[in-house]
Amino acid sequence: MWPEPCQKYSNSALRIDDQDTYPQRLVGEFVGLVVSNDWANAEYKHMVVRVHPKALEAYAGQMFHLLCPSPDGAEVWMRRPMSVYRVDRDAGCVEFLYKTEGRGTRGMAMLKAGDEFNIAGPLGKGFSLKPEWKNIVVLGRGVGLATLAPLAQLARNSGVRVTAILSARSPEVLMSKDYFESLGASVVTVFDSDGSSAVENVETILEGLIADSAADAFFTCGSARLLKLTQRLGKARGVPGQVAMEQIMVCGFGACYVCVRTFEVGGVKVLKRVCRDGPVFNMQEAVGW
Amino acid sequence: MWPEPCQKYSNSALRIDDQDTYPQRLVGEFVGLVVSNDWANAEYKHMVVRVHPKALEAYAGQMFHLLCPSPDGAEVWMRRPMSVYRVDRDAGCVEFLYKTEGRGTRGMAMLKAGDEFNIAGPLGKGFSLKPEWKNIVVLGRGVGLATLAPLAQLARNSGVRVTAILSARSPEVLMSKDYFESLGASVVTVFDSDGSSAVENVETILEGLIADSAADAFFTCGSARLLKLTQRLGKARGVPGQVAMEQIMVCGFGACYVCVRTFEVGGVKVLKRVCRDGPVFNMQEAVGW
Amino acid sequence: MVDLSVRIGDLTLQNPVTPASGAFSWEYNDVIDLNRLGGLVAKTICREPRLGNPTPRMAETEAGIIQSIGLPGKGIQYFLDHIVPEYAKFKPPLIVSASSEDIDEFALLASELDVPDVDVLEANISCPTRNTTGGNFAMHEEHTRKVVAALRAATKKPLWVKLSPNAGDIVSVALAAEEGGADCLVIANTFLSLKIRTDNFRPALGNKFGGLVSPALKPIVLRMVYQVAKQVKIPIIGIGGVTKAEDVVEYMLAGASAVGIGYAGFRNPTALVSIIDDLERWCDERGIEKVSDLIGAVRDDDMEMDTLAAASIGV
Amino acid sequence: MVDLSVRIGDLTLQNPVTPASGAFSWEYNDVIDLNRLGGLVAKTICREPRLGNPTPRMAETEAGIIQSIGLPGKGIQYFLDHIVPEYAKFKPPLIVSASSEDIDEFALLASELDVPDVDVLEANISCPTRNTTGGNFAMHEEHTRKVVAALRAATKKPLWVKLSPNAGDIVSVALAAEEGGADCLVIANTFLSLKIRTDNFRPALGNKFGGLVSPALKPIVLRMVYQVAKQVKIPIIGIGGVTKAEDVVEYMLAGASAVGIGYAGFRNPTALVSIIDDLERWCDERGIEKVSDLIGAVRDDDMEMDTLAAASIGV
Ligand SMILES: Cc1cc2nc3c(=O)[nH]c(=O)nc-3n(C[C@H](O)[C@H](O)[C@H](O)COP(=O)(O)OP(=O)(O)OC[C@H]3O[C@@H](n4cnc5c(N)ncnc54)[C@H](O)[C@@H]3O)c2cc1C
Ligand SMILES: Cc1cc2nc3c(=O)[nH]c(=O)nc-3n(C[C@H](O)[C@H](O)[C@H](O)COP(=O)(O)OP(=O)(O)OC[C@H]3O[C@@H](n4cnc5c(N)ncnc54)[C@H](O)[C@@H]3O)c2cc1C
Ligand SMILES: Cc1cc2nc3c(=O)[nH]c(=O)nc-3n(C[C@H](O)[C@H](O)[C@H](O)COP(=O)(O)O)c2cc1C
Ligand SMILES: Cc1cc2nc3c(=O)[nH]c(=O)nc-3n(C[C@H](O)[C@H](O)[C@H](O)COP(=O)(O)O)c2cc1C
Ligand code: FES
Ligand code: FES
């Protein structure tokens, strides 16, 4: 009689110091080590994970697919996609800013410094800056800020000026203002609590930026209202733009076609995959959120 | 829209200080708190769990059915039966002595002081001492010692003298000798390593005890060889006996008939349930281990 | 407070939560108050004494267990003399599950069970582990119609018929049972399965095949309940993977009038009672006055969907 | 070192581990070296362009997922022009899965796929989510025989036929496929399922029904592979719930010559390669020289069992 197997899942994910036996790979399955996992506010946590150097090749708008531990003893069966909030090459870390929602993110929220965390990525097509864009406007709300933050970093590295319009329910739950400012962005905050986040008001702000030639392109994520506004205004004023979209994902590699959204390309409606054709898309092609 | 459920399993198990809303119950589902969970030797651990007072009604030979946590992220789907090793009424604790085998016991081995542990019981029919038995012989090996230990306590409380023959591979892995001695038992140890555990040698010891009128009844658990020996000798010399049996269990209440073993009663072969008709059976009726 | 009662034909259950046959006995009164349950369901009995299948009778799998018990029991006379009286001590109706491979014997058994303390006859025509090929009446609509008609003629008790998830066309089998005279359909028994040990290359169960029991299977059985509920007029009891109050709700939305629970009671002996408590709270929190309003209340007529994709499949 | 190669008819796979159709594409080369795999299996293609089913296309369940994609794709011409060349960059044989609801169209598609870079035609006659009732050829032996015969006549490629676990009598369907001219049976596709959300009473998937995918189902599919392997002469590929090397061994013991893997690759993108590595180690540790020796090697002829209980069921 031979011993019964112990491991439920076979796994050869790359640990921090592993030699990569398939160096051509663009995407890795990594076992990282949690460095910190602290509350950013009452709903969001900020996680720093030390990983194999390969994972640090992630760029703005890309995501990782996370194998979340169980929050309740029962297995979490599917990975959860999460944008890269920040890559810290010096520390060898990737960072996530995430909202605790359902079982996956609640399990993720339980991880402590030193715990292992299996993450696959970087996945998807991120943001791209055209050379002619010197001033961009970034509009984000909620989870969207996590996705947009690395764009501010990318812009700084490319010498592009950023105006960040950060929307939130109230000043207490606003996130990432300091981070955007530290990256040199001019930050405008708008809130539901004082009415400043209303579409009309944001529209006025955007009109002002266009008038000041400070809006060569719009970038948005996390709000259907902001997407509609920037689409409409961008179309009317000839401002191009990009939007990062979400959809439930399975494979993350473009194989399963679970993560599709509808787009209109040259008058024809088509489905594109958030995980591979996106998550960042041409704003004018997006049909709904 | 209403909130999605969070709890995978509904649960109203009794916590330590809970009021029992169904006081007639003989068996409880308890959420205990682990007090300690230490290695007894390289393979066995000794766990102390503080529980609701109802659980302390367990007596010698009875078991609990344990909902083991996961050792590997994947759920452990069935409970695992474990004999009560000791009940400490003063401390409000039940204790287990267990071998780390497969996924269930490996998950159990990971529990730390302060962790919750869901245990159901006490279950089954334990050992019984007839008033005419003044000197009993207890023969155990491996896991069997866990089951037999409370019998020594019961005997002491009833003023019955115990000779405990403890069998093990080698002196290093012998367990519970001190515990049996602290309960006033005369302990005889036999080992594979020096050949003393051989059937012929144990038989000689038993013959000696019978000759000394120190063997009014045999009790055994954990070894097919010791069972066969005591059955044969018991039959030949008119010494009655009891054996505690194991079988894979599902319900623990006598409902599912998963845990059956074969017995011969009055010349007829019958199946009995380890969880309800046992785990302690008339030694002479047992057919094989 | 919500009215938890449901009607199954002429019978009223105080709540829709019942145990599943074979996973329950009066002995559970040791741990829960049986008077709280919607019904009491006895383990399937056969007319003649049976020892059942060889051990081991259970093996754990990836996500659940396979089991093969083989309907052991001491026969009809012992059952009437010793087991029915045990159940009679409790208030909820007694549902007696019975089985036979022979239609005439089955009908005889049904008539022998037509006694006052038995409230319902549940015909188990779907036990996958009764014989090694797993065949049973409920695999075929013709066999189902025949055996149900014979049972209908043999008893005046409400006749519930337990179907098999191994049947390819559950709707046809369900319609056959309804035509045969069933008062209620119990959907479903276990999934015929096999586990082979990689340490010794042998089947893990003494009987080789076993029935898979796992919360993972709920979406399959729920689909069957939904499909059958759209076609039959008689009530349905959904069985398979219920572990929490929301699962009861889900089965009722799909068209079940009540549920049966096996596995969850193994995992948590107090599960049935806590699921009843949770169901009451769930309804109260949402202002649902009668749990029976949930039956068949799935909103499948106004699906919201991505319009383009919807167009592509002609919805 | 063990010889991991297996033969499927005239085709040799370097090892028995292949991806499952729909759960894989050449794009996985981003994360694993596709040249390590036993075969490359393309997502099922249809002749005409299709957008597929409405979203959401996946929902998590108790132990796994249900999914309903609806076979989206850009049609045969795009496939031949753009996708086949992507796969052609790699060494392992290309298995192309194809589907149609119409036998003539299916045969036409088969003939169009009879091109050099395609090594095998896998006929997906079992997609449960292609239309809302879940019906498909593989539910019925007659339909299976007909469609397989038509495909057989239309292509000279090895013809693999993917069966449905929703069929009641998998053995008859398998025999029909063999008679129709299949060179290999792929067992099985997904289980037709439903999830209803208790927060809004709506089906969780845009297409209502979906296919259940879960390691929990392995014992059911394994039983089907075992039953079919006892009856047919052609090789079998087992698909369902493989997550580790021991699962490959278990399927091979039951009679499969190779396996397909979907879910495990979602959970661990590197799973297929590590399963191949583990399988090699597993065999080497046990001195197994050829993995193909495991095919059908289950020890079911000398079952050790409790003799009394065995007697009771006449074994
Ligand atoms: C490309 C991409 C990037 C993302 N980046 C971030 C991020 O940086 N920070 C962050 O907090 N969240 C992000 N999300 C959303 C995140 O994936 C979901 O919140 C998460 O999967 C929810 O998992 P859960 O188990 O906690 O909740 P579940 O119980 O699975 O679901 C809770 C709710 O979230 C919805 N949901 C589930 N999965 C997704 C999904 N993949 N996309 C959108 N909604 C979903 C469900 O429909 C449900 O309403 C991103 C999603 C995508 C697709
Ligand atoms: C009444 C009773 C009392 C017991 N008391 C103790 C005790 O005090 N201490 C102790 O260490 N063990 C005891 N056992 C055995 C214990 O239940 C098993 O070791 C345990 O269930 C194994 O679980 P696992 O997940 O670690 O291993 P698994 O991976 O489930 O199995 C490992 C091995 O143990 C066997 N096994 C699994 N379940 C049982 C079972 N219920 N009975 C016997 N063998 C089993 C399996 O066939 C396998 O060979 C008792 C068993 C019974 C029935
Ligand atoms: C150990 C065991 C024994 C069973 N015995 C019977 C039986 O005797 N008769 C029957 O109709 N079903 C029997 N079943 C099936 C259950 O009644 C039920 O259909 C199945 O367990 C699915 O429900 P669950 O997912 O809630 O466990 C048995 C199930 C188990 C686990
Ligand atoms: C997202 C998804 C898409 C699938 N698409 C197809 C498909 O196009 N054609 C097909 O034959 N099977 C398809 N399947 C079924 C798989 O090929 C496989 O039969 C099933 O997932 C069971 O294997 P697993 O348990 O390893 O995942 C799909 C499965 C999933 C999860
Ligand atoms: S998640 Fe599979 S294609 Fe995007
Ligand atoms: S474990 Fe169910 S009868 Fe013993």
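Note that this is a predicted model, so its numbers are computed, not measured. In the text below, chain A, chain B and the rest are named by the order of the sequence lines, each starting its count at 1.
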Exercise. Chain C: which of P72(D), G241(D), G168(D) shares the most heavy-atom pairs with it under 4.5 Å?
Worked result: G168(D)
Exercise. What residues form a side chain to side chain contact (heavy atoms under 4.5 Å, CB included) with A167(C), not counting sequence neighbours?
Worked result: V173(C)
Exercise. Checking R223(C) side chain against L192(D) main chain: does a donor-acceptor pair fall under 3.5 Å?
Worked result: yes
Exercise. For K195(C) and E250(D), which heavy atoms make the closest approach, and how far apart are they?
Worked result: CA-OE2, 3.5 Å
Exercise. What distance separates E62(D) CD from S214(C) OG, expressed to the nearest 0.5 Å?
Worked result: 9.0 Å
Exercise. Would you say L194(D) and I220(C) make side-chain contact, with heavy atoms under 4.5 Å?
Worked result: no
Seminar exercise, completed: Under 4.5 Å to a heavy atom of chain C? For I66(D) that would be side chain
Exercise. To the nearest 0.5 Å, how far apart are CG in D169(C) and CE in M139(D)?
Worked result: 6.5 Å
Problem set entry | Atom group of L212(D) that falls short of 4.5 Å from chain C, counting heavy atoms | side chain
Problem set entry | Side chain / backbone / both / neither for L294(D) at chain C, heavy atoms under 4.5 Å | side chain
For this session: Nearest 0.5 Å please: distance from the CD1 atom of I170(D) over to the CG atom of N166(C).
Result: 11.5 Å
For this session: Any chance you could measure T198(C), atom OG1, to M252(D), atom CE, to the nearest 0.5 Å?
Result: 13.5 Å
Seminar exercise, completed: Between the NZ atom in K208(C) and the CG atom in D300(D), the distance rounded to the nearest 0.5 Å is 5.0 Å
Exercise. When you check the gap from the basic side-chain N to the acidic O, do E246(D) and R197(C) get nearer than 4.0 Å?
Worked result: no
Problem set entry | Heavy-atom side-chain proximity of S193(C) to L222(D) below 4.5 angstrom | no
Exercise. Taking every heavy-atom pair that is under 4.5 Å apart, which of A216(C), S164(C), P165(C) has the most such pairs with chain D?
Worked result: A216(C)
Exercise. What pair of heavy atoms forms the shortest contact from I196(C) to L253(D), and how long is it?
Worked result: CG2-CD1, 3.8 Å
